[in-house]
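We're numbering straight along the sequence, starting at 1.
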Amino acid sequence: MAKSKFEYVRLFEADDRCLPNTWIVVRVDGKGFHKFSTEHEYEKPNDIKALSLMNRAATSVMEEFKDVCLAYGQSDEYSFVFRKETQAYSRRSAKLSTNVCSLFTSAFVYYWNEYFPTSKPRYPPVFDGRTVLYPSNQNIRDYLSWRQADCHINNLYNTTFWTLILKGGLTPAEAESKLKGTLSGDKNEILFSQFGINYNTEPEMLRKGTVLVRRKVPVALPNGGTREKSQIVQEHVDIIGDEFWNTNSHLLTVT
C-alpha cells in the first residue's frame, strides 16, 4: 500500500496480542436469548433442536480454526480453547474474538432451517465474544469445570422451574417463590416426589453440556481398508473429573 500523510493514524491502534504460552479461550454468549428463545417458541425447559443448532455452529468454528483443540457448550454459550502455541491471527485478541464470534453467529443463521425447517428467524440473533487467557493446565481445566458446573446448576433449576409450571400448574412467580433458597437436593426431591422425575436420567446433553474434541477415528477406504483420520467428535461427558483428561491426554500436550 502506498504511504500517505494520513498513515500516522495507525499509531492509535492498541497492541492487543495475547501473552505467549497461555491457553486462549474465546467464549461466545447469546445476547438477550431469554427473549429470543421465547419469541422463537423454544421448548421449555430445553429445546433439543436449538442446542443441536448451537453444536452445529460450534463445529463450523472448529472446522475453520484448526488450533481450537476443544470446545464446550451449554445453553446459549460456547467456549473455544485455542492451543497454547497457536499463532492464529498473531494471537491478537480482538481478531480472535471477532472472527470466532462472527463465524459462530453466521453459522447459527445459516444452519437454522436444518433444525427449524418450518420457521425462520424473526430477527437477527446476537452473540458477544470475549478472549480470556489461562496460563496453566490446571487453570484451563478449572475454567471448563466452572462452565460445566454452571450447566448443571442452571439446568437443574430450569428443569424444576418449568416442571412446576407445565406439570404443576404454578405461575412463573409462584414457581420462583417455591424454589427460592432451595438446594440441589431440594430440587431433586421436588422433581421425584411430586412428578416422578429422576433428574439423573435426564439426557446427558442437558445435564452435562456438549464437548467437541478432535480425535483420530478409523475411516473406511474405497478399497475396503481403513485409515485413521482426525475428526471432530461430539460427546456429553463429565469434564470435571480426571477420566476425560486421562483419556484425552493429547489435549493438554504442546504439539
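Aromatic ring centres of Tyr123 and His40: separated by under 6.0 Å.
Residues that satisfy the salt bridge (charged side-chain N to carboxylate O under 4.0 Å, His left out) test with Asp47, not counting sequence neighbours, are Lys49. With sequence neighbours left out, the side-chain hydrogen bond (donor to acceptor under 3.5 Å, both in side chains) criterion links Thr59 to no other residue. Under the side chain to side chain contact (heavy atoms under 4.5 Å, CB included) criterion, Ser90 pairs with Arg92, sequence neighbours left out.
Interatomic distance, CE of Met205 versus CG of Leu51, reported as 5.0 Å (0.5 Å rounding). The distance from atom CZ of Arg130 to atom CG of Leu96, rounded to the nearest 0.5 Å, is 15.5 Å. Residue Ile153 holds its CD1 atom at 12.0 Å from CG of Asn158, rounded to the nearest 0.5 Å.
Nearest heavy-atom pair across Val211 and Phe244 is CG1-CZ, 3.9 Å. Of all heavy-atom pairs spanning Leu212 and Ala58, the tightest one is CD1-CB, 3.7 Å. Summarising the geometry of Arg83 relative to Leu251, their closest heavy-atom pair is NH1-O, 3.8 Å, with the distance given to 0.1 Å.
Applying the salt bridge (charged side-chain N to carboxylate O under 4.0 Å, His left out) definition to pairs two or more places apart or across chains, those involving residues 220-245 are Arg141-Asp242, Arg215-Glu235.
Clustering of Ile, Leu, Val, Met, Phe, Trp and Tyr by side-chain heavy atoms under 4.5 Å joins Leu179 with Leu156, Tyr157, Phe161, Trp162, Leu164, Ile165, Leu166, Leu170, Ile190, Leu191, Phe195, Ile197, Tyr199.
In this structure, Phe65 and Tyr89 have tilted ring planes: the angle between them lies in the 30° to 60° band.
Screening Thr163, Thr182, Thr160 for a side-chain hydrogen bond (donor to acceptor under 3.5 Å, both in side chains) with Lys187, the sole residue that qualifies is Thr182. Test Glu204, Gln234, His236 against Thr210 for side-chain hydrogen bond (donor to acceptor under 3.5 Å, both in side chains) and you get one pass: His236. Tested against Ser93, the residues Thr98, Thr131, Leu133 include a single side-chain contact (heavy atoms from CB on, under 4.5 Å) partner, Thr131.
Checked for salt-bridge contact, Glu13 and Arg10 miss the test: no charged N lies under 4.0 Å from a carboxylate O.
Counting only N and O atoms by type, the side chains of Ser52 and Arg56 include no donor and acceptor under 3.5 Å apart.
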Original post:
Step by step, would you call Arg91 with Thr22 a side chain to side chain donor-acceptor pair (under 3.5 Å)?
Top reply: CA-CA 10 Å; Arg91 299 178 69 89; Thr22 54; 3.2 Å; yes
Using distance only, find each side-chain donor-acceptor pair of residues 67-81 under 3.5 Å and give its atom names and separation, not counting sequence neighbours.
| from | atom 1 | to | atom 2 | distance (Å) |
| --- | --- | --- | --- | --- |
| Asp67 | OD2 | Thr86 | OG1 | 2.6 |
| Tyr72 | OH | Lys208 | O | 2.8 |
| Gln74 | NE2 | Arg147 | O | 3.4 |
| Gln74 | NE2 | Asp150 | OD2 | 3.0 |
| Glu77 | OE1 | Arg147 | NH2 | 2.8 |
| Glu77 | OE2 | Arg147 | NE | 2.9 |
| Glu77 | OE2 | Arg147 | NH2 | 3.3 |
| Tyr78 | OH | Asn55 | OD1 | 2.8 |
| Ser79 | OG | Tyr143 | OH | 2.6 |

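Counting non-hydrogen atoms of other residues, nucleotides and ligands closer than 6.0 Å to CD of Gln194 gives a total above 12.
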